[in-house]
Amino acid sequence: MKAVVLQEKGRITIDDIPRPGAPGPGEVKIAVHTVGICGSDVHYYTHGRIGQFVLEQPMILGHEASGTVLEVGDGVEHLSPGDRVAMEPGIPNPRSRASREGRYNVDPDVRFWATPPVDGCLTEEVTHPAEYTYRLPDSLSYAEGALIEPFAVGMQAATKARLAPGDVAAVVGAGTIGIVTAMAALAGGASRVYVSDIAPEKLEKLAGLDGIVPVDASREDLAQRVAADTDGWGAQAVFEASGAGAAYGFVADVAAPGGVVVCVGMPTGPVQFDVVAAQAKELRIETIFRYVNVYRKAIDLAAGDTVDLARLVTETLPLERSVEVFDRGAEARPTDTKLQIRVDGSR
């Protein structure tokens, strides 16, 4: 079967690899249908590493996936062949202290798709633990199913913010993660969410979304806009979702006294942050790393009428054009939000 393999920094090939065998106890075999391209996938392609995770051998890319169950292993009762599913890509050690304390996302032993040295899912078939495989409702397409993974990040961010009904929120960055964080914040009770970005093309994806206020940061200061609209009080929750180090210079200015700043994006290096400014407002600082215990909730929420994940998909291309997709991802076009690869039908 075909797989998209990062051979080394800057070189991707489409290789023939063996198909997986029969699923073991508690596992399912899945025909992969759609895989989204994440910024981390592109970063491994362009840099060969992310922090402590270094590409030292060829690795199959991809971790945002949906597909169809082909076979189920012994003991699997909640899934059957033919079920359409989304797969949570991190497999923790169930016996680790992190897992036992309910924080499996920070388990040092977690095996996460497309994180060196663990292969990802940009291939025709995978086996996966049934416990981290979720049936998709009919109302969600395969494309939307593949977007559950980034949406889960937004869900984790909104959960850590501890939003209260009517809160005002602000999101820095209108990429995929920024937009899904804004959607999750609205679903979590925010009355409105200001979303800022320096690229007006990205803000166009927000058109028509009730409760979201786009702010063109190339022309307007986010802190001043939020202050003007809240009688100088600020936003009860501020989500930094751009990963830009410069954002930490003003997030405290956007926040209301007693509010929270949630660090969602990952800067490429250390950042400067005015601790005294945060102390003067007694701000709470929260961080997130992936997500924990929100995948099912993300699916249920996306299946309703309040969240529209399909609007995030810019283009879907077949597996044989995967190198083109990654090269385009590396260009970071402001008009691109989510590029996806359709694996099913490429065989």
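Since the model is a prediction, treat every value here as computed from it, not as a measurement.
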Practice task
May I ask you to test the Asn105-Val110 pair for a side-chain heavy-atom distance under 4.5 Å?
Solution key: no
Practice task
Side-chain contact test, heavy atoms from C-beta onward, threshold under 4.5 Å: evaluate it for Arg135 versus Arg84 and give yes or no.
Solution key: no
Looking at residues at least two apart in the chain, or sitting in another chain, which of them share a ring-ring contact (aromatic ring centres under 6.0 Å, His included) with [X]?
X: Tyr248; value: none
X: Tyr291; value: Tyr295
X: Phe112; value: His63

Exercise for the section: Count the heavy atoms belonging to other residues, nucleotides or ligands that lie under 6.0 Å from CD of Glu101, then report whether that count exceeds 12. Expected result: yes
Completion exercise
Given the options Thr68, Leu147, Asp344, Tyr142 meets side-chain contact (heavy atoms from CB on, under 4.5 Å) only with Thr68
Practice task
Quick one: pull up OG1 in Thr34 and CG in Leu319 and give me the separation to the nearest 0.5 Å.
Solution key: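 Separation between the atoms: 11.0 Å.
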Check ion pair [X]-[Y] (N to O, under 4.0 angstrom):
X: Glu124; Y: Lys2; result: no
X: Arg284; Y: Glu286; result: yes
X: Asp221; Y: Arg225; result: no
X: Asp300; Y: Lys297; result: no

Fill in the blank from the handout: All heavy atoms of Val180 vs all of Pro150, minimum pair found to be CG2-O, 3.4 Å
Problem - Side-chain donor-acceptor pair present, Tyr194, Asp229, cut-off under 3.5 Å - result: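 Side chains of Tyr194 and Asp229: pair found under 3.5 Å.
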Practice task
Have a look at Glu315 and tell me which of Lys338, Arg328, Gln340 forms a side-chain hydrogen bond (donor to acceptor under 3.5 Å, both in side chains) with it.
Solution key: Arg328
